[in-house]
Amino acid sequence: MSYCREEGKDRIIFVTKEDHETPSNAELIADDPDDPYEEQGLILPNGEINWNCPCLGGMASGPCGAQFKEAFSCFHYSKEEVKGSECIDNFRNMQECMQRYPELYPQEEDNESSPQGESGTTAPSAAPAEDSSSATNSDSTPAPSTSESAPSSDSSLTSPTDGQTVS
């Protein structure tokens with residue numbers, strides 16, 4: 001015989017072996033595709049953008065949320081041959097807004113340079129080396145391998161892919 005007992009805020013239910021052997025008669029409710037609280041992904045079944053999708057990472061809210069929504073909507077609903085080509089001004093406005101809030105929207109260059117600076121290593125700069133001397137430039141240019149250089153007189157030449165292994 002099963003029974004229930006309450007201890008403070010907890011409810012303890014004791015059941016018998018026979019209770020567990022009896023099939024459940026609980027009815028499951030089918031998922032409602034129109035449920036606004038159900039996660040639907042980025043694009044809702046009706047084709048609209050789900051601004052609450054966690055995949056947007058909060059971009060639709062915050063100080064540049066309106067600019068993000070305008071740019072993303074323009075791109076999503078674009079009918080141009082080059083999709084989104086008419087949205088350049090919207091994306092420019094969004095970018096300008098994001099640049100006003102660097103603590104909320106860090107630039108990619110900032111993210112890439114931070115770990116190098118913190119680790120104390122001296123990695124080569126990603127900036128173009130226009131003022132570099134030829135010695136510095138030759139150090140950053142890899143020497144051509146035998147498969148990329150002009151063919152030699154060796155009769156056992158193979159194509160570059162034949163000698164390479166897939167990693």
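Just so it is clear, the structure is predicted and the values come from calculations on it, not from any experiment.
Proximity of Gln95 to Gln67: side-chain heavy atoms (C-beta onward) are nowhere separated by under 4.5 Å. For the pair Ile49 and Tyr77, the minimum side-chain heavy-atom distance is below 4.5 Å. Within the 4.5 Å cutoff, no side-chain heavy atoms of Arg100 are placed close to those of Tyr105.
To the nearest 0.5 Å, atoms SG (Cys53) and CE (Met59) are separated by 13.5 Å.
What you find for Ser73 and Trp51 is that their closest heavy atoms are OG-CZ2, 3.2 Å. Closest approach of Leu104 to Pro63, counting heavy atoms only: CD1-CG, 3.6 Å. What you find for Ala60 and Lys69 is that their closest heavy atoms are O-CE, 3.4 Å. When all heavy atoms of Cys4 and Ile13 are compared, the closest pair comes out as SG-CG1, 4.0 Å. Annotation for Cys74 and Asn90: closest pair SG-OD1, 3.9 Å, computed over non-hydrogen atoms.
The aromatic rings of His76 and Phe72 lie parallel to each other, with less than 30° between the two planes, well short of the 60° mark.
At most 12 non-hydrogen atoms from other residues, nucleotides or ligands lie less than 6.0 angstrom from CD of Glu81.
Here the side chain of Ser78 pairs a donor or acceptor atom with the backbone of Gly84 at under 3.5 angstrom.
There is no path of hydrophobic side-chain contacts, each under 4.5 Å, that joins Phe75 to Ile88. Put simply, Leu44 and Phe68 are part of two different groups of oily side chains (I, L, V, M, F, W, Y) that touch within less than 4.5 Å, one to the next.
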